[in-house]
Amino acid sequence: MLDSRNIIAISNIGFGTSGARGLVSDFTSNVCGAFTVSFIHVMKASFSFSMIAIAIDNRPSSLAMAQACATAAAQCHVDVVFYGVVPTPALASCAMAQGIPCIMVTGSHIPFDRNGLKFYRPDGEINKSDEIAIINGEFTYEPIQQLQKLSVDHTASNDYITRYSSLFSRPWLSGKRIGIYQHSSAGRDLYPQLFQQLGAEIILIGRSDTFVAIDTEAVSEADCQKAIEWTQRYQLDALFSTDGDGDRPMLADENGHWLRGDILGLLCAKALNIEALAVPVSCNTAIEQSGFFQFVIRTQIGSPYVIAAFEELNPFYKCVAGFEANGGFLLGSTIEVDGNTLSALPTRDAILPVLMVLYHAISSSRSVAALVTDLPQRYTHSDRLTEFATERSKKIIAIGQENSQVLLGQLGLLGDELSSVNVIDGLRFIFVNGNIIHLRPSGNAPEFRCYAESISIIEAKKLVNKVLTQLSIINFYS
């Protein structure tokens, strides 16, 4: 017999901002099994169930990890329904409707040599206390000798399409040409069906047999150029894509320019008539400056923190939602759209923000670009240093927390007068001239992120490039 707590403790895998993440080589069958057994026992302390749902993304390692999870679940006398390759929100929505827990095998946007496990309670994402309980759970199980074979149930795929196709009373995308950048997204075979049911002419682009790691918070210059070229070549009204597991959206306007995730979320929340918002501290300040919302609460970065804030907002507001800088939209309450009811889905979703922004643009006879222009002109840019040691990241944050002027001097930013420093998640420097620099280690990989906000995109990009260049060359241990 094996002890799940000991296996997890030595696995080099921990919880980040969204699930347990690590190298594929660390996600052995017994590590996946230990996480599954611990998760099931933690859930049984609060919920009654005899089945869990599992789904995967298109990473080469995901199927074997799902098989290991299913094998371990059987040892707990829990049945498994396997939904195959589907977007994370499709799995979550279907499992919540059935009142059962679920596990999504995905590394989201991080490189394919890494992967992860994302866990859901019957009522939504696990919280931080659940994560601690899973890590520390003392449960035993038999070592996995042979992986359980899995057959695909298509219920989650079909229900996810129906969730949004049935929301509207007419094919309102009729006459519109929508490009779908498929790459290796978990939802690449679902999205064409949905957009076609809504009346659009679909152009499928860029399908890949190898895994493509797309980070919606740091879209590559190559993908930016592709969007412009594809939009022009195919005469698209919009271009749509997502990250690897389909919970973070990408929408390019009629000019082929990708919208920042928080701007996409802001426009979606306005279109839905949301009253109160929960958003991470890294999101664009145009949210408050727009004046669209009765109340905005800022949280730490990560969907568990946004969801926790819903508990504070729901007693006082009828329409509650949240979104992250990556564009993932979380619906915190059941609302009405086009005369139809849309149930709450408190996890990141990529489809809702894209549909609502397109719907709002068409209904108001405006272009997507015009909707963006109407917002307060605050521009955000972000990028990251990859393979950046976690120890080094912690040292940088510690220096800034101890003496912000020392760190700003090392980054060459002492010329701008500092207004305030926000330490709710990383270091967020707010300057008197309105510029904002936000430094933060990634919660999912050995990466260091820099966000910048300014009155022009050129200035925001200059700030990010300057800071990351300095961070890459400074010896913080001298």
Between side-chain atoms of residues 84-95 and protein atoms elsewhere (two or more places apart, or another chain), which donor-acceptor pairs fall under 3.5 Å?
residue: T88; atom: OG1; partner: D245; partner atom: OD2; Å: 2.5

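The cationic group of R59 does not satisfy the cation-pi geometry with F112, failing either the under 6.0 Å distance to the six-membered ring centre or the 45° limit from the ring axis.
The neighbour count for I458 CD1, taken as heavy atoms of other residues, nucleotides or ligands under 6.0 Å away, does not exceed 12. More than 12 heavy atoms of other residues, nucleotides or ligands shown are found within 6.0 angstrom of CD1 on I424. By the 6.0 Å contact criterion, NZ on K462 is open, its count of non-hydrogen atoms from other residues, nucleotides or ligands being 12 or less. Within 6.0 Å of CZ in F310 there are more than 12 heavy atoms belonging to other residues, nucleotides or ligands. Residue F316 qualifies as open at atom CZ: its count of foreign heavy atoms under 6.0 Å is 12 or below.
Y83 and S157 share no donor-acceptor pair across their side chains, judged by distance under 3.5 Å alone. Remark: the S108 side chain and the T106 side chain contain no N/O donor-acceptor pair separated by less than 3.5 Å. Counted by atom type alone, D349 and Y164 present one or more donor-acceptor pairs between their side chains at under 3.5 Å. A donor atom on one side chain and an acceptor atom on the other are not found under 3.5 Å apart for N58 and S184. Remark: the Y379 side chain and the E459 side chain contain no N/O donor-acceptor pair separated by less than 3.5 Å. No donor-acceptor contact under 3.5 angstrom links the side chains of R188 and H183, judged on distance only. In the model, D338 has a side-chain atom that pairs as donor or acceptor with a side-chain atom of Y359 under 3.5 Å. Under the 3.5 Å distance criterion, with hydrogens and angles disregarded, no donor-acceptor pair is assigned to the side chains of T216 and N326. Inspection of the T231 and E254 side chains reveals no N or O donor paired with an N or O acceptor under 3.5 Å.
Salt bridge present: E125 and K118 bring a charged side-chain N and a carboxylate O closer than 4.0 Å. Look at D189 and R207 and you find a salt bridge, because one of the NZ, NE, NH1 or NH2 atoms lies within 4.0 Å of a carboxylate O, short of that distance. Salt-bridge formation is not detected for the pair K461/D383: no Lys NZ or Arg NE/NH1/NH2 atom is positioned less than 4.0 Å from an Asp or Glu carboxylate oxygen. Salt-bridge formation is not detected for the pair K318/E275: no Lys NZ or Arg NE/NH1/NH2 atom is positioned less than 4.0 Å from an Asp or Glu carboxylate oxygen. Under a 4.0 Å N-O distance rule, the pair E288/R298 qualifies as a salt bridge.
Side-chain atoms of D243 come within 3.5 Å of backbone N or O of D247 as a donor-acceptor pair. In this structure, R163 contributes its side chain and S343 its backbone to a donor-acceptor pair below 3.5 Å. A side-chain donor-acceptor contact under 3.5 Å links Q377 to the backbone of T373. Judged by distance alone, with hydrogens and angles left aside, the side-chain atoms of E324 form a donor-acceptor pair with the main-chain N or O of S303 at under 3.5 Å. S442 places no side-chain N or O within 3.5 Å of a backbone atom of E447 that could act as its donor or acceptor partner. Not a single donor-acceptor pair under 3.5 Å links the side chain of D425 to the backbone N or O of Q300. No donor-acceptor pair closer than 3.5 Å links the side chain of S185 to the backbone N or O of T242.
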So W230 and Y234, ring pair (Phe, Tyr, Trp, His ring centres under 6.0 Å) or not? Walk me through it.
CA-CA 6 Å; W230 288 337; Y234 300 112; 7.7 Å; no
Salt bridge (charged side-chain N to carboxylate O under 4.0 Å, His left out), that's the test. Do R428 and E453 meet it? Break it down for me.
CA-CA 11 Å; R428 189 171 178 85; E453 183 181 322; 3.8 Å; yes
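Atom CZ of R177 is separated from atom CD1 of I203 by 4.0 Å, given to the nearest 0.5 angstrom. Distance CG/D130 to CG/N127: 4.0 Å, rounded to 0.5 Å. F448 CZ to K394 NZ: the interatomic distance, rounded to the nearest 0.5 Å, is 12.5 Å. Distance check: C224 SG to M250 CE gives 7.5 Å after rounding to the nearest 0.5 Å.
Using cut-offs of 30° and 60° on the angle between ring planes, the pair F323 and F329 is parallel. Ring geometry for F240 versus Y191: interplanar angle over 60°, hence perpendicular rather than tilted (30 to 60°).
K226 is linked by a salt bridge (charged side-chain N to carboxylate O under 4.0 Å, His left out) to D223, counting only residues two or more places apart in sequence or in another chain.
For the pair L190 and Y160, the minimum side-chain heavy-atom distance is below 4.5 Å.
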